[in-house]
Amino acid sequence: MRVSRGSITDAVTRDGETVVMVGDQVMLLSPLASAALARIDGDTDVAVVGAALVEMFGAPPDGDPISMTLSVLQDLSAAGVVKLDG
Amino acid sequence: MASVAGPVVSIEALGVPIDIAITGEMAAPIAQAWSGALRDGGPAELTVSVSSDEASSADLISDDLGVVLHHLSQLVTQVAIEARAGQLMMFHAAGLAHPVSGATVALVAPSGTGKTTISRSLGTALAYISDETVGFDASLSVLPYRKPLSVIQSGEAVKSQHSPGELGLLDSPSTPTLAAVVFLERDSTCAGLEVSDVRTVAALPLLAEQTSYLSRHARPLGLLADALEATGGLRLARYREAEDLQPWLTELVGASCE
């Protein structure tokens with residue numbers, strides 16, 4: 001599965017937390033979501049994002065980084081911050 | 001906006017020249033109410049028209065002065081902020097300034113949460129910039145919007161409008177500059193005044209909801225963050241009564257110009 005950035009008007013990051021503007025909505029992302037967004041460069045494999053999150057935050061309790069990553073990305077996708085494909 | 005032949009009251013709102021064109025008998029009281037925002041100079045490109053004649057094509061039609069003044073404020077605000085969209089950062093805020101240095105504090109708050117009360121209460125010690133919208137550019141220069149202030153009179157359905165001078169509020173300093181941004185929360189259970197700092201990333205969503213036409217800027221969040229970080233970051237002030245704020249605000253604008 002691939003992921004890319006949504007139509008983000010602007011973003012500001014401080015101390016690992018990112019605020020994004022999508023349309024007229026301004027949202028503060030969690031540190032996990034902020035890190036996931038930072039790793040998305042063009043059309044990116046979800047597994048690459050997952051590996052980056054594990055490196056930064058450690059493996060999730062259930063040991064399934066892809067499931068954790070998808071959950072984060074699906075939340076971001078619902079808010080229009082990213083686009084999931086495939 | 002529709003044009004109406006008659007007396008013209010020339011005002012400036014957020015640095016935007018606007019002519020209020022009036023037919024009927026209301027020119028004098030309208031000029032009085034807007035005396036804090038009067039300007040010199042030629043005709044403005046933007047005009048708001050007022051008439052008491054129901055058959056006219058004026059933007060605002062009523063023969064009730066109280067109704068006209070009430071809606072005129074809203075209309076002028078709308079015209080001014082539309083004209084400044086993408087040029088100024090515009091908070092829903094009261095603005096008070098050090099009368100000499102011009103150091104200005106923007107007191108951001110949703111409608112109906114005490115901006116006018118604070119302006120009336122504190123604007124006799126600090127200069128009145130606005131009770132509605134504080135607009136500033138990238139260099140933090142503040143463009144005043146010294147509109148009339150709404151005052152509730154007992155027994156009246158519509159608030160009456162009073163000029164800042166009529167209420168004894170201080171004139172705007174010559175070069176108001178943004179020095180602090182405060183988010184207000186009125187809380188009747190508060191012991192007095194409680195102030196806390198808000199991280200930039202937490203401040204941006206809070207301020208975005210109270211900023212007009214934010215998305216019209218090229219880098220809206222970056223500009224907001226720059227302004228906040230240049231002025232010491234967002235302060236959250238929980239207060240009970242307007243008077244609770246005065247010593248702290250006076251110190252805030254005083255300290256920022258030293």
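Protein chains get the first letters and strands the later ones, always in sequence-line order, with residue 1 at the start of each.
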Item to complete: Tell me the residues of residues 215-229 of chain B whose non-hydrogen atoms fall below 4.5 Å from those of chain A, in number order.
Response: B:S215, B:R219, B:P220, B:L221, B:G222, B:A225, B:E229
Discussion item. Take a 6.0 Å sphere around CG of A:D62 and say whether it holds more than 12 heavy atoms from other residues, nucleotides or ligands.
Written reply: yes
Worksheet item: Does the side chain to side chain contact (heavy atoms under 4.5 Å, CB included) test come out yes or no for B:L214 and A:M21, once each step is laid out?
Response: CA-CA 10 Å; B:L214 180 60; A:M21 184 172 201; 4.0 Å; yes
Discussion item. Using every non-hydrogen atom in the two residues, find where A:E17 and B:V201 come nearest and quote the distance to one decimal.
Written reply: O-CG1, 3.5 Å
Worksheet entry | Set of residues satisfying side chain to side chain donor-acceptor pair (under 3.5 Å) with respect to A:D10, sequence neighbours excluded | none
Discussion item. Please determine whether the number of non-hydrogen atoms from other residues, nucleotides or ligands lying under 6.0 Å from atom CD of B:Q74 exceeds 12.
Written reply: yes
Worksheet item: Are there more than 12 heavy atoms of other residues, nucleotides or ligands under 6.0 Å from atom CZ of B:R235?
Response: yes
